[in-house]
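Accompanying notes for the structure given below.
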Amino acid sequence: MIADYLLNPNRRDHSLDTIMLERLGERLGSGKQEKAQPQSLFEVDTGSREETAEAAAALAKLEPILIERLTDQGSVKLFTDVEMPLVPILADIERNGFLLDVDGLHELSKELERDLDQMMASIAALAGGEFNINSPKQLATVLFEKLGLKPLRKTKTGYSTDEDTLTQLATQHELPNQILTYRSLSKLKSTYVDALPELVHPETKRLHTSLNQTVAATGRLSSTDPNLQNIPVKGDYGLRIREAFVVPKGHELLCADYSQIEPRILAHLSQDPRLLSVFAKGEDIHMATAMEIFGLPSSQITRDMRRAAKTVVFGIVYGISPFGLSQNLGVPQAESKKYIDTFFERFAAVRALMDRNIAEGREKGYTTTILGRRRPIPELQSGDPAQRGVGERMAVNSPIQGSAADLIKVAMINVHKKLHEELPHVKMILQVHDELIFEVPDHDLEEAKRLVKQEMEGVGKQLGLSVPLKVDLGVGKNWRVAHP
DNA sequence: GAACTCACG
DNA sequence: ACGTACGTGAGTTCT
């Protein structure tokens, strides 16, 4: 929606200041459909470039207060210094767009249609009749009444048929596996392969997403219409969808990922000596935690042990419970509890950080990130223990996820500035939480790689991080190949 | 429009 | 005793 607006030829000559005001209009909009509705600020366009710039600067100063007043629904939003300078950069990204291989997706659609037709017949045979596989209700009837399989979990309205359930049911019957495959193909076809080409802009021939700065509670961006932050990255068909994200002739796609950004922030915030040492030495974090958790030298760490350690670290960042970890790893709760206990023994400062975050959240009503971004967590004051649990996990996770969002926002500002000065033909075309994507003319490639890596990693020092930041680069003619 | 499911970091 | 990992957006079905 916003992208459409910015692409309107009648508005192309408007100054960035005007665009910033437009973005403020979006930011102050109320709901999903309403986001581009003009609010009073939206109308502030004096017709004079200087006056408009002045108004924008004034708004930038007032903004935290404005936001606080206008979103006064128990959720106070305060904005740090990164959001305003990011506004024209997001507008740039939206205007640039991502080139899509529409013909390739059309081919893929036909293949998927054939596969789905075949699977539908085979599923009908196994189920003893045709039914709508996309209907969880009808599927539950087939699985749990017709075939008599044992339901595992309930939803509000009936028995669950989600991926986790079907994976477990697969040991009893052949049907669940086929359903899983059918579902995943159907998802890819409807959400991506068929939907994306419809959203290509008729003039630019590109996909222009909208990047929202006011949706995610932690300070992350979100992406809509289309969401380009959840393009598939796994499986044969998923990878073929990524192949459809391409660059024009004479260009390369450059992808730059922060490596292990959240564990690095965990190390910084906790100041845990072992974690700090792992990153200072450039060691493999998951191997290192596996060695600590299992008490074994690296030579004796198996792939499964490393995978378990990786899951434990994720769990810590999310505010873990032994139950959740045991579900995720498929091990008994007693075992997952041992992993967690041992982790906290070896990385004691991490537990202290979690306790600190929860205590701060409870006392102040909000948590904070590296740049001072606040997230209100009223759940911590709830009388309901389950709700408090929810709040505690938010209090553990928000400073980490939110600080990562801070870092990449600063990186975007720095990279954008340097590109403008040194490589004006390089376009930033997407951000996916810990990853920036650029469209680069062939002759700029080597310099762009150097610049992007240097600026992204440089944010660590700039913000006083106690760990080095590491950026992995990938280059190619499409997103599948270029993804590091 | 709610509920369910599943795509991503 | 109880529910159970953080943050998103979108397509489909059904009420």
Side-chain angles (χ1 to χ4, degrees), chain A residues 31-33 131-140 153-166 179-180 182-196 198-199 209-212 214-235 237-238 241-242 257-258 260-262 266 311-329 333 336-337 340 354 357 367 375 377 384-402 404-405 408 430-435 479 483:
Chain A
K32 193 180 172 190
Q33 267 72 37
F131 66 102
N132 186 344
I133 306 167
N134 285 324
S135 163
K137 191 164 176 255
Q138 292 183 39
L139 177 59
R153 264 184 310 121
K154 280 185 185 172
T155 66
K156 283 181 185 173
T157 56
Y159 292 123
S160 175
T161 66
D162 67 9
E163 182 176 354
D164 201 53
T165 305
L166 292 181
I179 300 288
L180 281 170
Y182 182 93
R183 274 222 187 119
S184 69
L185 298 191
S186 173
K187 176 90 172 182
L188 296 182
K189 184 169 187 292
S190 63
T191 307
Y192 305 102
V193 178
D194 291 342
L196 291 176
E198 297 295 315
L199 293 168
T209 185
S210 292
L211 293 173
N212 317 296
T214 59
V215 177
T218 53
R220 275 187 173 187
L221 302 182
S222 90
S223 162
T224 53
D225 312 307
N227 180 358
L228 294 187
Q229 290 183 323
N230 74 343
I231 301 303
V233 70
K234 291 179 293 200
Y237 280 115
I241 292 170
R242 284 229 162 189
D257 275 26
Y258 277 118
Q260 307 295 352
I261 184 76
E262 293 192 347
L266 182 67
T311 307
V312 171
V313 172
F314 266 88
I316 298 292
V317 168
Y318 292 155
I320 202 165
S321 75
F323 177 87
L325 184 63
S326 79
Q327 289 287 302
N328 207 297
L329 284 177
Q333 220 166 306
S336 68
K337 185 172 183 307
I340 295 171
M354 294 171 61
N357 285 346
T367 58
R375 178 187 185 169
I377 309 186
D384 175 2
Q387 277 303 299
R388 277 206 305 280
V390 169
E392 287 171 5
R393 292 192 293 276
M394 290 175 179
V396 167
N397 175 260
S398 298
I400 301 170
Q401 191 183 119
I408 196 164
L430 196 60
Q431 185 251 50
V432 191
H433 310 307
D434 61 356
E435 171 183 15
W479 201 357
H483 191 67

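- The CD1 atom of A/I408 sits 18 Å away from the P atom of B/dC8 (whole-angstrom rounding).
- Protein atom CG of A/D162 is 13 Å distant from nucleotide atom C1' of B/dA3, rounded to whole Å.
- Close to B/dC4, at under 4.0 Å from its OP1 or OP2, lies a side-chain N or O of A/T155.
- Across all strands shown, A/V317 has no heavy atoms under 4.0 Å from either base or sugar-phosphate atoms.
- As rounded to the nearest Å, B/dC6 and C/dA1 have C1' atoms that lie 32 Å from one another.
- Taking only side-chain nitrogens and oxygens, A/T161 never comes nearer than 4.0 Å to OP1 or OP2 of B/dC4.
- Listed candidates were C/dT8, B/dA7, B/dC8. Nearest to the side chain of A/S222 is C/dT8.
- Taking side-chain N and O atoms only, A/R393 has a distance below 4.0 Å to OP1 or OP2 of C/dC6.
- The separation between A/Q401 atom CD and B/dG9 atom P is 13 Å, rounded to whole Å.
- Minimum heavy-atom separation, A/S398 to A/T367: CB-OG1, 3.7 Å.
- One finds a side-chain N or O of A/R375 lying less than 4.0 angstrom from the OP1 or OP2 phosphate oxygen of C/dG7.
- Note on A/R183: a side-chain N or O is less than 4.0 Å away from OP1 or OP2 of B/dC6.
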Kindly determine whether A/N230 and A/Y192 satisfy side chain to side chain contact (heavy atoms under 4.5 Å, CB included), including the steps that lead there. CA-CA 10 Å; A/N230 74 343; A/Y192 305 102; 3.4 Å; yes
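- Of the possible polar contacts, none joining the A/S186 side chain to the A/Y182 backbone as a donor-acceptor pair under 3.5 Å is found.
- A pairwise comparison of heavy atoms in A/D194 and A/E198 identifies O-CG, 3.6 Å as the closest pair.
- At whole-Å resolution of the value, CG in A/D194 and P in C/dA10 are 16 Å apart.
- Across B/dA7 and C/dG3, the matching C1' atoms stand 26 Å from one another, rounded to whole Å.
- Residue contacts for A/S398: at a heavy-atom cut-off of 4.0 Å it reaches no nucleic acid atom on any strand shown.
- Across all strands, A/T218 comes closer than 4.0 Å only to sugar-phosphate atoms, never to a base (heavy-atom distances).
- The nearest pair of heavy atoms linking A/R183 to A/D162 is NH1-CA, 4.2 Å.
- If you check every strand for non-hydrogen atoms under 4.0 Å, A/T165 touches nothing.
- Checking B/dT5, C/dT4, B/dG9 against the side-chain heavy atoms of A/F323 singles out C/dT4 as nearest.
- Using a 4.0 Å heavy-atom distance criterion, A/E435 is classed as making no nucleic acid contact.
- Regarding A/L139, its CG atom lies at a distance of 20 Å from the P atom of B/dA3, rounded to whole Å.
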With 3.5 Å as the limit, what N/O pairs link the protein to nucleotides 11-15 of chain C?
{"unit_1": "C/dG11", "atom_1": "O3'", "unit_2": "A/S190", "atom_2": "OG", "d": "3.4"}
{"unit_1": "C/dT13", "atom_1": "OP1", "unit_2": "A/N132", "atom_2": "ND2", "d": "3.0"}
{"unit_1": "C/dT13", "atom_1": "O3'", "unit_2": "A/S135", "atom_2": "OG", "d": "3.2"}
{"unit_1": "C/dC14", "atom_1": "OP1", "unit_2": "A/S135", "atom_2": "OG", "d": "2.4"}
{"unit_1": "C/dC14", "atom_1": "OP1", "unit_2": "A/Q138", "atom_2": "NE2", "d": "3.3"}
{"unit_1": "C/dT15", "atom_1": "OP1", "unit_2": "A/K137", "atom_2": "NZ", "d": "3.3"}

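- Regarding A/F314, its CZ atom lies at a distance of 9 Å from the P atom of B/dG9, rounded to whole Å.
- At a threshold of 4.0 angstrom between heavy atoms, the contacts of A/N227 are confined to the sugar-phosphate backbone, with no base atom among them.
- Where pairing requires Watson-Crick or G-U contacts shorter than 3.5 Å, the helical stems of DNA chain C with at least three consecutive pairs are B:1-9 with C:6-14.
- Checking B/dC4, B/dG9, C/dT8 against every side-chain atom of A/A217, the shortest atom distance belongs to C/dT8.
- A donor-acceptor contact shorter than 3.5 Å is absent between the side chain of A/S160 and the backbone of A/R153.
- The interatomic distance linking A/D164 (CG) with C/dA5 (P) rounds to 11 Å, in whole Å.
- Distances were taken from every side-chain heavy atom of A/S321 (C-beta onward) to each of C/dC6, C/dA5, B/dC8; the shortest belongs to C/dA5.
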Walk me through whether A/Q431 and A/Q229 qualify under side chain to side chain contact (heavy atoms under 4.5 Å, CB included). CA-CA 8 Å; A/Q431 185 251 50; A/Q229 290 183 323; 3.2 Å; yes
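- For the pair A/I377 CD1 and C/dG7 C1', the interatomic distance rounds to 13 Å; values are reported in whole Å.
- Without hydrogens or angle criteria, A/R242 side chain to A/I231 main chain gives a donor-acceptor distance under 3.5 Å.
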